[in-house]
Amino acid sequence: MYEILAPSPDGQIVLRTLDSSGLRAGPDTTVPRSDLPGLVARLEASQRPRWVWRTAADWYPRLLASGVTLRRCHDLMLCATLLTNSAYTGAYATSFTSSDDLIEQPGSLPPAAPPQGQGSLFEEEPVHGPSADELERELAAQLRSIADSAHPGRLRLLCAADSAGALVAAEMQAAGIPWDVETHERLLADQLGPRPRGFERPGRLEDKANELRTQLGAPGLNPDSPQELMRALHRAGIEARTTRAWELREFGHAAIPPLLEYKKMARLFAANGWAWLDAWVRDGRFRPEYVVAGVVTGRWASRGGGALQIPKQVRSAVRARPGHKLVVADASQLEPRVLAALARDDAMAAAARDADLYAGIAAAGFGGDRAKAKVALLGAIYGATTGESGRLMPQLTRLYPRAVAFVEQAARDGERGLTVTTHLGRSSPAPSERWQRLQRSTSAEEQRRADAAARDRGRFTRNFVVQGTAAEWAECWIAELRQQLRRLAALGVKGELVYFLHDEVMIHAEEEAAAACADAVQEAATAAKRLLFGDAPVQFPVSIAVVDSYDQAK
DNA sequence: CGTTGCAGCGCG
DNA sequence: AAAGCGCGCTGCAACG
């Protein structure tokens, strides 16, 4: 059963009930905005509908702030995007473009933490957007598109996964990552010195800059300027081509160690220093915004505070509240396992029966050399042509012809300008006009550039099928996990999802609930595998750590 | 002056 | 140890 949520012209809100095939199942209900949370909660409890909206952002943050959580939804915008591009669907036109939603005012402030509890937040700011009729029409078009597609089951699952993702994303933003400001500030003081008053560098960072200036004989140097730094390096006889840390490491000069240390410290100061704490952590929580399917491959992106790049350096500040634990889990070697399943490469799947896939593959054909097996496999997924990983490709091809052929096919398709598609049906974007023009060009110089562009695109599509399908597995994993945590919560066993990072999740759980949450993580992984790949002989083990702070995990 | 692109580094 | 994929954020440098 579907329940459409829409603004009505008179400033109230319309609810429209449809049956499971999308037909009207009764008269509309119109309610004042202030009554919405109560009504939604009642319907959720009695009917358990699939809520239909343009985008979760219109409704769910405010429902959450009123204390209402929902089981499932159909997010028309997310589904419109994937159905429009999917190679599984036929002609399908939608006006539900996501483009206008992506235009954000530059420099906009971080969203305030949703206030808790009382009153209806719908009173303050009305919902804008399509009417119930428009939403109903769009839903019908989407359901038809799915039913008429080459893989209705897969697309239904993908729509459900992205929609569940929209719910989890809003819930995680509302919950926030528990962040211990004191620990973070102590760590900053230890490494950088006391917080500076104005805009100058902190003491230890300035000391390090001076040490560097002395070593280079460049008293006025601003080490943050790549151009100045490059000139100073050259004057000191260091013939670096770039100022990248790993290239500089090769030089034996006495200025290099302080320079590398400076870069490390400067990065901490700029990216995750006091200003970051002020901007992004409130009431002991870091609340980033998650952008479901914000990456072409279907991975999530985030906005605000660099939530998907929390450096190892500061992870000790991610700390469970008193009486709580963090349950941190990650899927082991997710992408190679996805490749084995996608390519139906049973030999590779057999090697992956091992909890350590790389060790299994090393034993099967790399003389037990785990490092070699890893480099070879990642090279196949990323499209490495040179270096060690390029040299190992023939060996990998002999061992796992099906898996290698699968990614090679994706690469060839991309080079020819075709799109490629994940297991559940997310397709890569078509090549740009510019790219296609370049491919048609005739001059020798242009041909050279065209070949290079074709190879670039081949590497992209090669990786797309694997990264994208891995993202689907991971989204099904957290969707399943979310349902299990809701069931546990109903029994008084309390843990909430607070972080998701491609192949990793974090639950903030009451101490007594941690073990049950860990089990739920494992069961959700098994369920996700079954949803995507049925009984294919591939395993997706997860490693789980129950810890007090994030740095203690793995 | 504000905007845009790039280099560099963080994460998976 | 450092090539191949996908991102976000920062400060500097160049552009209009």
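Values reported hereafter were calculated over all heavy atoms of this structure, with side chains retained and with hydrogens, waters and symmetry mates removed. Lettering of chains follows the sequences in order, A, B, ..., and the numbering in each one begins at 1. What you see is a predicted model; the values in this text were computed from it and never measured.
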Asker: Looking for any heavy atom pair under 4.0 Å, which part of the strands does A:R455 touch: base, sugar-phosphate only, or nothing?
Answerer: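 Since no nucleic acid heavy atom lies under 4.0 Å of A:R455, the category is nothing.
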Asker: Starting at atom CD1 of A:I381, determine the distance to atom P of C:dC5, rounded to an integer number of angstrom.
Answerer: 13 Å
Asker: Scan A:G305 against the nucleic acid and name what it touches under 4.0 Å (heavy atoms): base, sugar-phosphate only, or nothing.
Answerer: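 If one applies the 4.0 Å heavy-atom cut-off, A:G305 turns out to touch the sugar-phosphate alone, with no base involved.
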Asker: Which one, C:dG8, C:dA3, C:dC5, comes nearest to the side chain of A:Q467?
Answerer: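 The answer is C:dC5.
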Asker: In plain terms, say whether A:R213 and A:E206 are close enough for a salt bridge, that is, a side-chain N and a carboxylate O under 4.0 Å apart.
Answerer: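 So A:R213 pairs with A:E206 through a salt bridge.
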Asker: Under a 4.0 Å threshold between the charged nitrogen and the carboxylate oxygen, would A:R195 count as salt-bridged to A:D278?
Answerer: yes
Asker: Starting at atom CZ of A:R267, determine the distance to atom P of B:dC11, rounded to an integer number of angstrom.
Answerer: 8 Å
Asker: May I ask you to verify if any side-chain N or O of A:Q313 is less than 4.0 angstrom from the OP1 or OP2 atom of B:dC11?
Answerer: no
Asker: Contact class for A:T243 vs. all strands (heavy atom < 4.0 Å): base, sugar-phosphate, or nothing?
Answerer: sugar-phosphate
Asker: Per the side-chain hydrogen bond (donor to acceptor under 3.5 Å, both in side chains) rule, which among A:T421, A:D162, A:T469 passes with A:R426?
Answerer: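 Only one of A:T421, A:D162, A:T469 forms a side-chain hydrogen bond (donor to acceptor under 3.5 Å, both in side chains) with A:R426, namely A:D162.
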Asker: Name the closest nucleotide to the A:F460 side chain, picking from B:dC11, C:dG6, C:dA13.
Answerer: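 In terms of side-chain proximity for A:F460, the closest of B:dC11, C:dG6, C:dA13 is C:dG6.
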Asker: Using 30° and 60° as the class limits, which term best fits the ring planes of A:F286 and A:W179: parallel, tilted or perpendicular?
Answerer: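 A:F286 and A:W179: perpendicular rings.
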Asker: NA contact type, A:G294, heavy-atom cut-off 4.0 Å: base, sugar-phosphate, or nothing?
Answerer: nothing
Asker: Side chain of A:N222 only, heavy atoms from C-beta on: which candidate in C:dC5, C:dC12, B:dG12 is closest?
Answerer: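 Side chain of A:N222 sits closest to C:dC12.
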Asker: Tell me which nucleotide among C:dG11, C:dA2, B:dC9 gets nearest to the side chain of A:E250.
Answerer: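 The closest nucleotide is C:dA2.
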Asker: Over how many whole Å does the gap from A:I310 atom CD1 to C:dG8 atom P extend?
Answerer: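 To the nearest whole Å, that distance equals 15 Å.
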Asker: Within the structure shown, what part of the strands sits under 4.0 Å from A:A371 by heavy-atom distance: base, sugar-phosphate, or nothing?
Answerer: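 The residue A:A371 makes no contact with any strand.
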Asker: Picking from C:dA13, C:dC5, B:dG8, which would you name as closest to the side chain of A:Y382?
Answerer: C:dC5
Asker: Just verifying a value: how many Å separate A:M265 CE and A:L188 CG, rounded to the nearest 0.5 Å?
Answerer: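 It comes to 11.0 Å.
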Asker: In terms of the nearest nucleotide of DNA chain C, which residue is placed more toward the 5' end: A:V296 or A:V375?
Answerer: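 With A:V296 and A:V375 compared, the 5'-side residue is A:V375.
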Asker: Whole Å only: how far is the CD atom of A:Q333 from the P atom of B:dG12?
Answerer: 14 Å
Asker: Indicate, yes or no, whether a donor-acceptor pair under 3.5 Å links the base of C:dG4 to the side chain of A:R462.
Answerer: no
Asker: Is A:K312 close enough to B:dG12 that one of its side-chain N or O atoms is under 4.0 Å from OP1 or OP2 there?
Answerer: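 Answer is yes, contact under 4.0 Å.
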Asker: How many Å lie between NZ on A:K263 and C1' on C:dT10, as a whole number?
Answerer: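 For the pair A:K263 NZ and C:dT10 C1', the rounded distance is 12 Å.
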Asker: Does A:S302 or A:G387 map to a spot on DNA chain C nearer the 5' end, using the closest nucleotide for each?
Answerer: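 Upstream on the strand: A:G387.
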Asker: Would C:dG8 be called syn or anti, given that syn covers angles within 90° of 0?
Answerer: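 Because its glycosidic torsion lies more than 90° from 0, C:dG8 adopts the anti conformation.
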Asker: Taking the side chain of A:A384 as its heavy atoms from C-beta onward, which of C:dA3, C:dG4, C:dG6 lies nearest to it?
Answerer: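 Of the candidates, C:dG4 comes closest.
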Asker: So, is A:R299 near the phosphate of C:dC7, with a side-chain N or O under 4.0 Å from OP1 or OP2?
Answerer: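 Checking C:dC7 against A:R299, no side-chain N or O comes under 4.0 Å of OP1 or OP2.
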Asker: Does C:dG4 pair with anything, Watson-Crick or G-U wobble, both distances under 3.5 Å, and if so, with which nucleotide?
Answerer: none
Asker: How many whole angstroms separate atom CZ of A:F269 from atom C1' of B:dC9?
Answerer: 17 Å
Asker: Considering only B:dC11, C:dC12, C:dG8, which nucleotide approaches the side chain of A:S225 most closely?
Answerer: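 The closest nucleotide is C:dC12.
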Asker: Please report, rounded to the nearest Å, how far the P atom of C:dT10 is from the CG atom of A:L308.
Answerer: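 Those two atoms, CG and P, are 14 Å apart.
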Asker: Identify whether any heavy atom of A:E335 sits under 4.0 Å from a base atom; if not, whether one sits that close to sugar-phosphate; answer base, sugar-phosphate or nothing.
Answerer: nothing
Asker: Got a salt bridge between A:E388 and A:R391, using NZ or NE/NH1/NH2 to carboxylate O under 4.0 Å?
Answerer: no
Asker: Answer yes when A:E228 and A:R231 have at least one side-chain N-carboxylate O distance shorter than 4.0 Å, and no when they do not.
Answerer: no
Asker: Provide, to the nearest angstrom, the distance between the CG atom belonging to A:L339 and the P atom belonging to C:dG4.
Answerer: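 My rounded result for the distance is 20 Å.
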